[in-house]
2 protein chains.
Amino acid sequence: MKDLMQEEKKGFVRKTRQRELILKTLRSTNSHPTADWIYERVKKEMPNISLGTVYRNLGTLREMGEIMELNYGSKFSRFDGNPENHYHFVCTKCGKVMDVEGCSVDREVDEMVARENNVEVFFHRMEFYGLCSDCKEK
Amino acid sequence: MKDLMQEEKKGFVRKTRQRELILKTLRSTNSHPTADWIYERVKKEMPNISLGTVYRNLGTLREMGEIMELNYGSKFSRFDGNPENHYHFVCTKCGKVMDVEGCSVDREVDEMVARENNVEVFFHRMEFYGLCSDCKEK
DNA sequence: ATGAAAAAGATAATGATTACTATTTTAAAT
DNA sequence: ATTTAAAATAGTAATCATTATCTTTTTCAT
Ligand SMILES: [Mn+2]
Ligand SMILES: [Mn+2]
Ligand SMILES: [Zn+2]
Ligand SMILES: [Zn+2]
């Protein structure tokens with residue numbers, strides 16, 4: 001029942017084959033996969049890799065700003081090879097996560113919220129929920 | 001590694017003292033508490049209540065549309081006695097969750113996203129991250 | 001009051017994630 | 001090229017919020 005969401009800075013980060021493969025794998029898809037999906041994928045090329053290594057490196061890559069971690073009230077995280085802030089659509093039927101087209105990130109609303117609430121805003125996230133094009137029809 | 005986010009409909013729901021107390025407790029605060037916080041609070045008035053009952057009823061109340069469940073990439077959920085869609089601010093330093101003032105929910109963007117992405121949008125959520133007024137000053 | 005369904009309380013199980021540890025790998029210094 | 005200390009890995013155990021299970025109790029329509 002404890003939780004810090006501070007992004008702690010990392011000291012030296014050495015280059016490893018494991019981390020490079022994990023990043024390449026995540027960058028090669030736009031499906032916003034889970035850690036386990038990445039693990040299964042990466043294992044085909046590096047059979048001895050362990051799930052802990054995948055989690056550790058996803059955390060390191062997030063701290064490095066190379067990837068994003070997404071969490072939509074699900075039991076598990078999804079990861080995004082695109083670290084630029086952007087909005088997502090989540091299908092409530094099939095669980096698919098997609099990038100939202102035609103809706104760029106509005107930074108002005110951050111300033112407004114900061115002003116009106118006497119806070120400092122770093123960023124915001126927005127997720128749309130509904131039915132994807134596949135699940136829409138019937 | 002499985003997860004459905006469908007809101008399954010509930011059949012008969014009977015009135016219980018436990019659920020009423022849980023709802024009253026959640027409605028009496030604007031701190032967006034965790035299940036455990038609610039449990040500890042409710043236990044003072046009903047010492048034999050079990051944590052499972054708190055979780056079960058928070059789920060039921062959510063299905064009934066009486067409350068909202070929030071999840072901000074944390075390890076645990078927070079709950080909101082106000083079921084009307086509204087935006088939240090999360091302090092990355094102290095973890096506090098607050099309602100955002102002066103920024104009403106924009107339903108037009110839902111239509112835009114639906115049109116541009118060929119999807120059906122039920123709703124969207126938006127969370128701002130930064131430093132609260134307390135954590136801002138040094 | 002009666003009975004069937006729903007819910008409670010107690011406890012065990014689940015499962016994604018993290019922690020631990022002995023061994024290996026990286027990369028800078030020699 | 002060797003040495004060396006720090007960082008990372010593989011393998012495994014632990015964590016812990018949440019769910020499931022199961023027996024008993026409560027609710028509520030009849
Ligand atoms: Mn994305
Ligand atoms: Mn709220
Ligand atoms: Zn779908
Ligand atoms: Zn704060």
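In the text below, chain A, chain B and the rest are named by the order of the sequence lines, each starting its count at 1. These numbers come from a predicted model, not from an experiment.
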Taking only residues two or more places apart in sequence or in another chain, which ones pass side-chain hydrogen bond (donor to acceptor under 3.5 Å, both in side chains) with A:Lys24? none
Sorted by chain and residue number, the side-chain hydrogen bond (donor to acceptor under 3.5 Å, both in side chains) partners of B:Glu69 (sequence neighbours excluded) come out as B:Arg62, B:Ser77
When you measure from every atom of DNA chain D, which of residues 38-50 of chain B have a heavy atom less than 4.0 Å away? none
Qualifying ring-ring contact (aromatic ring centres under 6.0 Å, His included) pairs with a residue from residues 89-123 of chain A, counting only residues at least two apart or across chains: A:Phe123-B:Tyr129
Tell me: CG of A:Leu58 to C1' of D:dA8, nearest whole Å? 15 Å
Please list, one pair per line, the donor and acceptor atoms closer than 3.5 Å that link side chains of residues 54-61 of chain B to other protein atoms, with sequence neighbours excluded.
residue, atom, partner, partner atom, Å
B:Arg56, NH2, B:Thr53, OG1, 3.4
B:Asn57, OD1, B:Arg19, NE, 2.8
B:Asn57, OD1, B:Arg19, NH2, 3.4
B:Asn57, ND2, B:Thr53, O, 3.0
B:Thr60, OG1, B:Arg56, O, 3.0

Taken to the nearest whole Å, CG/A:Asn71 to P/C:dT17 is 8 Å
Among C:dA6, D:dA10, D:dT18, which nucleotide has an atom closest to any side-chain atom of A:Lys75? D:dT18
By ring pair (Phe, Tyr, Trp, His ring centres under 6.0 Å), A:His32 pairs with (sequence neighbours left out) A:His88
Closest nucleotide among D:dT18, C:dT17, D:dT9 to the A:Thr53 side chain: D:dT9
Can you name the atoms? Protein N/O to nucleotides 20-27 of chain D N/O, anything below 3.5 Å, with the distance.
residue, atom, partner, partner atom, Å
D:dT27, O2, B:Arg14, NH1, 2.7

Using only heavy-atom distances, determine whether the side chains of A:His86 and A:Asp80 contain a donor-acceptor pair under 3.5 Å. yes
Can you see if the side chain of B:Tyr55 gets near the phosphate of D:dT18 - specifically, an N or O under 4.0 Å from OP1 or OP2? yes
With sequence neighbours left out, write down each residue that passes side-chain hydrogen bond (donor to acceptor under 3.5 Å, both in side chains) with B:Asn118, or none if nothing qualifies. A:Lys136
side-chain hydrogen bond (donor to acceptor under 3.5 Å, both in side chains) partners for A:Arg27, two or more places apart: A:Glu66
Nucleotide nearest A:Phe76 when distance is taken to its side chain, options C:dG9, C:dA7, C:dT17: C:dT17
D:dA7 C1' sits how many Å from A:Arg19 CZ, rounded? 9 Å
